[in-house]
Amino acid sequence: AMAPLSVASITTTRNGLLQRLQDSVDHDFLTRTRARGTFMARSENAISQGGNVDGSAVLVLDIDHFKSVNDQHGHAVGDNALIAFSSAVTSTLRKDDLFGRTGGEEFCVVLPRASAAAARMVAERIRQAVERLEIDAGDGTTLSITVSGGLAVCGSTSKLSFEEMLTRAD
């Protein structure tokens with residue numbers, strides 16, 4: 001009678017551990033955005049699916065002068081800035097948009113079904129959301145950050161790959 005219960009318990013525990021492992025592979029540990037490998041694979045798939053009447057867009061984002069944040073305030077404050085930045089960007093995106101961390105302070109957004117005008121509006125919303133951030137510097141003061149970005153748009157009839165769009169946006 002105990003054997004089926006033991007097997008069920010072990011299976012449930014194993015499945016939970018596998019799910020946590022997959023989550024740690026798929027997501028950046030600090031920002032909880034998609035990790036580079038997962039982001040790149042899903043983005044290529046999203047761009048290559050086609051069928052987007054409006055086309056697609058790729059937005060490359062880079063936090064301005066981020067090294068100076070770490071140098072002047074320490075890496076803990078830099079980590080807080082990355083977390084706040086990621087949260088601000090996520091809050092501006094649609095459910096189907098993809099957002100990932102591609103490097104230290106470098107991020108990328110894929111906007112499926114987005115015209116050039118819609119993509120520019122999203123980029124501006126992100127810029128404004130980041131500009132409004134007030135990050136606790138740990139010494140009773142706050143600091144602000146800004147973001148620079150590049151945008152590449154692929155119309156519905158164009159056949160650019162995700163890599164080509166990423167290179168153009170960068």
message: Would you say Thr31 and Asp28 are linked by a side-chain donor-acceptor pair, where the criterion is simply a distance under 3.5 Å?
response: yes
* Asked: Can you tell if the side chain of Thr142 reaches within under 4.5 Å of the side chain of Ile135, non-hydrogen atoms only?
  -> no
Report task. Indicate, with yes or no, if Met121 and Val110 share a hydrophobic cluster defined by side-chain heavy-atom contacts under 4.5 Å among Ile, Leu, Val, Met, Phe, Trp and Tyr. Result -> no
Minimal heavy-atom distance between Gly78 and Asn70, with the atoms involved, is CA-OD1, 3.3 Å
Hits for ring pair (Phe, Tyr, Trp, His ring centres under 6.0 Å) against Phe85, two or more places apart or cross-chain, chain-then-number order -> Phe107
| request: Evaluate the criterion side chain to side chain contact (heavy atoms under 4.5 Å, CB included) for residue pair Leu98 and Val109; output intermediate values, then yes/no. | output: CA-CA 5 Å; Leu98 299 173; Val109 177; over 6 Å; no
- prompt: Can we say Arg127 and Glu131 salt-bridge, meaning some charged N sits less than 4.0 Å from an Asp/Glu carboxylate O?
  reply: yes
Before giving the answer on side chain to side chain contact (heavy atoms under 4.5 Å, CB included), spell out for Asn45 and Ile47 the whole-Å C-alpha distance, their side-chain angles and the decisive distance to 0.1 Å. CA-CA 6 Å; Asn45 188 41; Ile47 296 296; over 6 Å; no
| Stepwise side chain to side chain contact (heavy atoms under 4.5 Å, CB included) test for Val122 and Leu93 | CA-CA 7 Å; Val122 170; Leu93 300 177; 4.0 Å; yes
Examine the side chains of Ser148 and Asp62 and answer whether a donor and an acceptor come within less than 3.5 Å of each other.
no
- Message: Let's go through Leu61 and Leu59 carefully: what are the C-alpha distance in whole Å and the side-chain angles of both, what is the deciding distance for side chain to side chain contact (heavy atoms under 4.5 Å, CB included) to 0.1 Å, and is it a yes or a no?
- Response: CA-CA 6 Å; Leu61 303 169; Leu59 178 61; 3.7 Å; yes
Using atom types as modelled and distance alone, determine if a side-chain donor or acceptor of Thr12 lies under 3.5 Å from a backbone N or O of Ala8. yes
Next item on the list: Please check if the side chain of Ser87 supplies one atom and the backbone of Ile83 the other of a donor-acceptor pair under 3.5 Å.
Entry: no
